[in-house]
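All figures in this text were calculated on a predicted structure; none of them were measured in a lab.
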Amino acid sequence: MGAQIKKIEYVFPENKITNQDLKNEFPGYDFERFEEKVGIKTRYIVSENETGLDLAEKACHKLFESYDKNKIDYILYCTQSPEYYLPTTACILQNRLGLRTDIGALDFNLGCSGFTYGVNLANALISSGQVENVLLVTAETYSKFIHPKDKTNRSIFGDAAAATLISKTDDDNVFKFKFGTDGSGYDKLIVKNGCSKFAFDPDAEQISYGTDNIYTDNHLYMNGPEVFNFTTKVIPSFVNEILEVNNLKVEDIDQFVFHQANSFMLDFLRKRIKITKENFFNDLSDGGNTVSCTIPIALKKYCQDIENDNDLMLAIVGFGVGLSWSGGIIKINNKL
C-alpha cells in the first residue's frame with residue numbers, strides 16, 4: 001500500500017499588485033531590473049478582513065468540485081498565518097468545509113519546506129494504514145506581516161492557498177524523502193514580536209535595512225543575502241543525497257520542482273546541480289513567492305502543460321524559514 005498525489009487546486013486573492021503599481025509607490029526602485037532578475041511580474045494580496053483560512057476554504061471548495069469531500073479522513077494544514085494562536089486552524093477548516101467529525105485535523109508551522117513535509121506526513125499516515133485520503137492544505141498571507149515601506153519583501157512575497165489530495169494506491173508513488181534543520185539561522189527570516197517571547201509593540205522602532213527598506217520588530221524581516229548563501233550552500237548536495245537514497249540520477253527525473261523563491265536563485269541552483277532548463281521548473285512570474293504554496297502551484301502549472309498521459313517522476317524540494325529544508329521523489333500523473 002502506498003500514496004499518490006491525486007489532485008491539486010489553488011487560489012490567489014483578488015487584489016493584484018503589478019510591478020508598475022509598486023513602481024508608482026517607489027519611483028526610485030528599478031522594477032524592470034527586478035523583474036528580469038527575480039522573475040516576478042505580479043503578486044496577489046488579501047484584503048484587510050481576508051485571511052489565509054478564507055483562501056484555504058476557497059481552494060478546498062475548488063478541489064471538491066470534482067471530489068467527494070466525505071471521503072477525506074485527515075486534514076494537514078500548513079501555515080505561518082494561523083487564524084488564532086489557538087485553537088488549531090485545521091479544526092476551524094473542518095467545520096467550514098462541512099467535513100465529517102471522525103477525521104484528524106492538524107496544523108503545522110512551516111514555511112517554504114512545508115509542502116514537502118506535508119507530502120511525507122500524508123504518505124506516512126496512509127502507508128501505515130491509518131487513513132486513506134489526506135487533504136493537505138497550504139495557506140499563507142505574508143502580506144499582513146510586511147511593513148508598507150519594505151519594498152523588497154512587498155515585491156517578492158504574495159498570498160495564496162493550495163489544496164492537495166493525497167490518497168491510498170496499490171503502488172508506492174511517494175518515495176524516500178530527506179530533511180534538514182539548522183535552527184541557528186532562525187533569525188534570518190522572522191517576525192520577532194507578537195507571540196510568547198516578545199509582545200506586539202505599538203511603538204516599535206522603524207529600522208532601515210538593505211536598500212532603503214523599512215521594517216519594525218512587529219513585521220517580517222528577511223536577511224536576503226544570508227538566506228541565499230544558506231540555500232546555495234546546502235541545497236545542491238542535498239538534492240544529490242535525495243537522488244542517491246532513491247537510487248536515481250539527474251537524468252531519471254522528468255522535472256525538478258523546487259520552492260519558487262526567485263528566478264535568479266533557482267537558475268543558480270539548476271546550474272550548480274547540472275540540470276537542463278527543460279527539466280527544471282522556474283516560473284513565479286504570476287503570484288511571486290507564496291511560501292508553502294509555491295510547489296503545489298508549480299506542480300499544477302507544470303502538469304497543465306503536459307500533453308501525454310505518462311506517469312512523471314518528479315523531485316520536489318523546499319527550503320527556507322527555520323532554517324528548514326526537505327525534499328523527495330514523487331510519481332504523478334499529469335491529470336492533476
> Does the gap between the ring centers of Phe319 and Phe230 come in under 6.0 Å?
Replying inline: no

> So, for Tyr117 and Phe108, is the gap between ring centers shorter than 6.0 Å?
Replying inline: no

Any side-chain donor-acceptor pair under 3.5 Å between [X] and [Y]?
{"X": "Ser184", "Y": "Asp182", "answer": "yes"}
{"X": "Glu83", "Y": "Thr51", "answer": "yes"}
{"X": "Asp150", "Y": "Asn153", "answer": "yes"}
{"X": "Asn218", "Y": "Asn193", "answer": "yes"}
{"X": "Gln130", "Y": "Ser128", "answer": "yes"}
{"X": "Asn19", "Y": "Arg43", "answer": "yes"}
{"X": "Tyr221", "Y": "Asp187", "answer": "no"}

>> For a side chain to side chain donor-acceptor pair (under 3.5 Å) check, start with the C-alpha distance between Asn240 and Ser237, then their side-chain angles and the critical distance, and finish with the verdict.
In response: CA-CA 5 Å; Asn240 288 326; Ser237 59; over 6 Å; no

> Under a single-linkage definition using a 4.5 Å side-chain heavy-atom cutoff for Ile, Leu, Val, Met, Phe, Trp and Tyr, are Val227 and Ile156 assigned to the same hydrophobic cluster?
Replying inline: yes

> By salt bridge (charged side-chain N to carboxylate O under 4.0 Å, His left out), which residues pair with Arg272, not counting sequence neighbours?
Replying inline: none

> Lys178: what forms a salt bridge (charged side-chain N to carboxylate O under 4.0 Å, His left out) with it, not counting sequence neighbours?
Replying inline: none

> Do any pairs count as a salt bridge (charged side-chain N to carboxylate O under 4.0 Å, His left out) and have a residue in residues 138-149, sequence neighbours left out, and if so which ones?
Replying inline: none

> Among pairs that include at least one residue of residues 251-260, which meet salt bridge (charged side-chain N to carboxylate O under 4.0 Å, His left out), considering only residues two or more places apart or in two chains?
Replying inline: none

>> Between Asn213 and Arg154, does the side chain to side chain donor-acceptor pair (under 3.5 Å) criterion hold? Intermediate values first, please.
In response: CA-CA 10 Å; Asn213 294 299; Arg154 285 187 60 194; over 6 Å; no

> Can you say whether the rings of Phe26 and Phe31 are parallel (under 30°), tilted (30 to 60°) or perpendicular (over 60°)?
Replying inline: tilted

> When the ring planes of Trp325 and Phe238 are compared, do they come out parallel, tilted or perpendicular, using 30° and 60° as the limits?
Replying inline: perpendicular

> Which pairs count as ring-ring contact (aromatic ring centres under 6.0 Å, His included) when at least one residue sits in residues 48-70, sequence neighbours excluded?
Replying inline: none

> Is the number of heavy atoms from other residues, nucleotides or ligands under 6.0 Å of Glu241 CD greater than 12?
Replying inline: yes

> Would you say Glu14 has more than 12 foreign heavy atoms packed within less than 6.0 Å of its CD?
Replying inline: no

> Phe157: what forms a ring-ring contact (aromatic ring centres under 6.0 Å, His included) with it, not counting sequence neighbours?
Replying inline: Tyr142

>> Any salt bridge linking Asp267 with Arg270? Criterion: basic side-chain nitrogen under 4.0 Å from a carboxylate oxygen.
In response: yes

>> Under a 4.0 Å threshold between the charged nitrogen and the carboxylate oxygen, would Glu9 count as salt-bridged to Lys300?
In response: yes

>> Thr88 vs Asp107, test: side chain to side chain donor-acceptor pair (under 3.5 Å). Steps then yes/no.
In response: CA-CA 6 Å; Thr88 301; Asp107 283 7; 4.8 Å; no

> Under the side chain to side chain donor-acceptor pair (under 3.5 Å) criterion, do Asp286 and Tyr44 qualify, and how do the steps go?
Replying inline: CA-CA 9 Å; Asp286 185 39; Tyr44 302 83; 2.6 Å; yes

